[in-house]
Amino acid sequence: MSLLARLLVLVLLTALPPLALQVWREADADREHRAGLAATARDLTLRATVEQERMIDGARQLLGAIVSLRSVRARDVGPCSVSLRQIAAEFSAYAVISAASVPDGEVFCSSGRPGNRVADRYWYRSALERGGFTVGEQVESRETGRRVLHFSRPAVGLNGEVTAILDAALDLDQMAATLQQAPLPPGAALLVADRKGNVLAALPDRALVGRPLPEGLAPLLKDDAPGMAEAHWAGALRITGHQPANRAPAEGIFVAVGIDRDAALTEARRRARVALLGSGLAALAALGLALWFAVRFIRRPVARLTAAAARWEAGDLSARAGLADPSELGRLATACDAMAAAGQAREAELRRGIARSEAAEARFRALFDAAPIAVMLVDPKTLVLVAFNDLACETLGFGREEFARLRLPDIDVVHPEAAFRLLAAPRLPGRGTLETRFRTREGTLRDMLVTFEQVELGGQRLLYAASIDVTERRAAEARERLLLREVDHRARNALAVVRALVQLSPRDQPPAESARNLDGRIAAMARAHALLAAERWQGASLDGLLAQELEAYVGAESAARLQISGPPVLLRAEIAQPLSLVLHELATNAAKYGALSREAGWLRVDWAFRGNGGLQLRWSERGGPALEGAPPRRGFGSKLVERVTRAQLHGTVAFDWGVDGLEVLLDIPLNAPRGTARMPEPATAEG
């Protein structure tokens, strides 16, 4: 951390405690405001609860007075209804006051219209079950059609049995009017609901009346005790005091009073922001003053001294701090300037010596890097690659940093480490050459011709290694040897086949015809030989072989008289030569006796691969002379086709002498074993 930064941190540490104290005070003030809002909400809730308690007590007293009426106890309908109408006129807050019989629930006496049945109402059943005063739920009066809240209690006869249920239905519109007479503080909201959460009255948002409790207040309905909570209702997040519906003093009525938290705290928070802003500005002013002092009296002198030191570190000993300040920083700068002057003098002498050494090293490096072969210098003790030129890296595919981490045994896969140490043992000056294999970065192996020689550089004995990549040369030599063996093998096979053809030629043929036939067969083998030689004996294509054999017979009309189709097939040399002989015999037969002997004749050759890796070739002739079946005597040509297919191609052949023309089906295994040519059984006639 810089000195200036440390000074600023010191000022910040000084200013932060007062600022933190101010923040704590404002936070504490915010908590006090919240507590005050909670107290206000609690007081307002208590006041609203007391008002509801007063309303419930009024209903309880009213029903207590009604139960003592003789007409009610005697169930005298006429006088009873008159009395209740008079009471309802005095207590206008109640929409209906009535009495219902037990157990059928028929209203026999009412300030409105008697005759309704109320046995299904909650207030009726609850008063009957509890045997005492009950606060009901918000319902729509069956007599008036208005929203009411029922208060009920049982009437007990002289024998102690319940004879009737008395009911006073409070008009909820009157209830809301009563609540409005006690205005709420700004930002406050009041809500009164029955035990099921139906809103009976709400201020100031009267749109909530008649609806279920807002979602924010619904969880508070079933609380066991009064309390405080923050809940969102009436359009704001409110600090809410609530009185549960299942607790006295207003049992059966839920009361909630909430104060808008954000609106109530706005002014207090504004004052807090102003106070914090003032404290922050004071801290910034102190920080600015400290910054000016630090820059003026500390940072600038230190910066000049640091800049001079940086130049010294970079090698410029002529730099000076130049501070005339009598302070501690000034005295330190003067001492550093004197030290730099002494170092400058020593550096000048050192540079002169280095220049002489660098000139010699530059001459060696130029010769080393410009070498047209891969060159390496190896430490004979550790076998680490001390130096190497770029060509050595390129030959083996390494980067310079990667190559510098290797040892000679890491790249040589032929010689053990002990062999290199023996090669580098102290001996008379001389050189040695050996062939080895180096591993490239990708893991491939390269044949190398390496010349080793011991040299001494800078007083250190090193092993000089010059390497030539002979991989391509060795591969070319191997290919030539292989090709020569293949040519020799094929030539011997061809001569054996020619000899067999001569020996097997029919003895009863005229010499001139026998010579022509033999010449044609040898020419077919020569054409296959030329096709294989053009591909360096790697193989010959089947369609190329067919084109050569049939070109002499179809000529310019090949498109009309010859149809060839099938997938690309590259035939091995041991298959191509005998197959050319088979195709020659078939083409010769077609030209003499078959489809190609007529101008209208045509030939189709197609082939396809078999599932077992073999090849099936179909030779079909059409448009030639009509056939009457297989010839009575098999000629030399057909026998030759069968024997070549069986003996050399290791396949099968089938002849179909149909009326439309000859069809030949050849099945040839493409992976047949290699072997020498053989041609058994001499023939007696030409087919």
I'd like to check the ring-ring contact (aromatic ring centres under 6.0 Å, His included) partners of Phe398; sequence neighbours left out, ordered by chain and number.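 Phe398: ring-ring contact (aromatic ring centres under 6.0 Å, His included) contacts with Phe403.
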
Note, [X] side chain near [Y] side chain (heavy atom, < 4.5 Å):
X: Trp233; Y: Asp205; value: no
X: Pro567; Y: Phe609; value: yes
X: Val255; Y: Ile253; value: yes
X: Arg130; Y: Arg125; value: no
X: Arg261; Y: Leu237; value: yes
X: Leu69; Y: Ile87; value: yes
X: Cys109; Y: Leu84; value: yes
X: Ile165; Y: Val118; value: no

[X] versus [Y], closest heavy-atom pair with distance:
X: Glu137; Y: Leu149; result: C-CD1, 3.7 Å
X: Arg238; Y: Thr240; result: O-OG1, 3.2 Å
X: Gly241; Y: Thr45; result: O-OG1, 3.0 Å
X: Ala236; Y: Asp260; result: CB-OD2, 3.5 Å
X: Leu213; Y: Ala193; result: CD2-CB, 4.0 Å
X: Arg121; Y: Glu140; result: NH2-O, 3.2 Å

Side-chain donor/acceptor of [X] to backbone N/O of [Y], under 3.5 Å:
X: Thr163; Y: Val156; answer: no
X: Thr134; Y: Gly136; answer: no
X: Ser81; Y: Gly78; answer: no
X: Asp194; Y: Asn198; answer: yes
X: Arg311; Y: Ala307; answer: no
X: Ser152; Y: Asp167; answer: no

Can Asp412 and Arg439 be counted as an ion pair, charged N to O under 4.0 angstrom?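 A salt bridge is absent here (no side-chain N lies under 4.0 Å from a carboxylate O).
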
Can you tell me how far [atom2] of [Y] sits from [atom1] of [X], rounded to the nearest 0.5 angstrom?
X: Leu184; Y: Leu44; atom1: CG; atom2: CG; value: 6.5 Å
X: Glu53; Y: Gln243; atom1: CD; atom2: CD; value: 9.5 Å
X: Leu217; Y: His242; atom1: CG; atom2: NE2; value: 9.5 Å
X: Leu208; Y: Leu200; atom1: CG; atom2: CG; value: 12.0 Å
X: Asp410; Y: Arg405; atom1: CG; atom2: CZ; value: 11.5 Å

Step-by-step side-chain contact (heavy atoms from CB on, under 4.5 Å) determination, Val139 to Val148: CA-CA 6 Å; Val139 294; Val148 296; 3.9 Å; yes

Criterion side-chain contact (heavy atoms from CB on, under 4.5 Å) on Arg147 and Gln138, from CA distance to verdict: CA-CA 7 Å; Arg147 286 187 322 109; Gln138 172 185 271; 2.5 Å; yes

Checking Arg446 against Phe438: charged group under 6.0 Å from the ring centre and within 45 degrees of the axis?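 No, cation not above the ring by the 6.0 Å, 45° rule.
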
When you measure from the centre of the six-membered ring of Phe108, is the NZ or CZ of Arg75 under 6.0 Å away and within 45° of the axis?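 Geometry flag: set, cation within 6.0 Å and 45°.
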
For Leu391, side chain to side chain contact (heavy atoms under 4.5 Å, CB included) partners two or more places apart: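 Leu391 satisfies side chain to side chain contact (heavy atoms under 4.5 Å, CB included) with Asn389, Glu394, Thr395 once adjacent residues are dropped.
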
Non-neighbouring partners of Arg70 that pass side chain to side chain contact (heavy atoms under 4.5 Å, CB included), sequence neighbours left out: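 Arg70: side chain to side chain contact (heavy atoms under 4.5 Å, CB included) contacts with Arg73.
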
For [X], does the [atom1] atom sit with more than 12 other heavy atoms under 6.0 Å from it, leaving out its own atoms?
X: Glu215; atom1: CD; value: no
X: Arg211; atom1: CZ; value: no
X: Arg47; atom1: CZ; value: no

Residue pair Ser101 / Asp104, side-chain donor-acceptor N/O under 3.5 Å: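 The answer is yes; a qualifying pair exists.
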
Is a donor from one side chain sitting under 3.5 angstrom from an acceptor on the other, for Tyr122 and Arg195?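 Note: Tyr122 and Arg195 side chains meet the donor-acceptor criterion.
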
Between Tyr124 and His150, does the side-chain contact (heavy atoms from CB on, under 4.5 Å) criterion hold? Intermediate values first, please. CA-CA 9 Å; Tyr124 180 88; His150 289 276; over 6 Å; no

If the plane angle is over 60° it's perpendicular, under 30° parallel, otherwise tilted; pick one for Phe151 and Tyr94.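 Because their plane-to-plane angle is over 60°, the rings of Phe151 and Tyr94 count as perpendicular.
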
Step by step, work out the salt bridge (Lys or Arg N to Asp or Glu O under 4.0 Å) result for Asp28 and Arg31. CA-CA 5 Å; Asp28 188 61; Arg31 286 192 295 271; 3.2 Å; yes

Show your working on salt bridge (Lys or Arg N to Asp or Glu O under 4.0 Å) between Arg34 and Glu230 and close with a plain yes or no. CA-CA 11 Å; Arg34 287 172 178 266; Glu230 287 192 1; 3.0 Å; yes

Report the C-alpha distance between Arg54 and Asp57 in whole Å, list the side-chain angles of each, state the deciding distance to 0.1 Å, and finish with yes or no for salt bridge (Lys or Arg N to Asp or Glu O under 4.0 Å). CA-CA 5 Å; Arg54 185 181 300 113; Asp57 285 344; over 6 Å; no

side-chain contact (heavy atoms from CB on, under 4.5 Å) for Leu385 and Arg407? Distances and angles first, verdict last. CA-CA 6 Å; Leu385 304 180; Arg407 300 169 65 244; over 6 Å; no

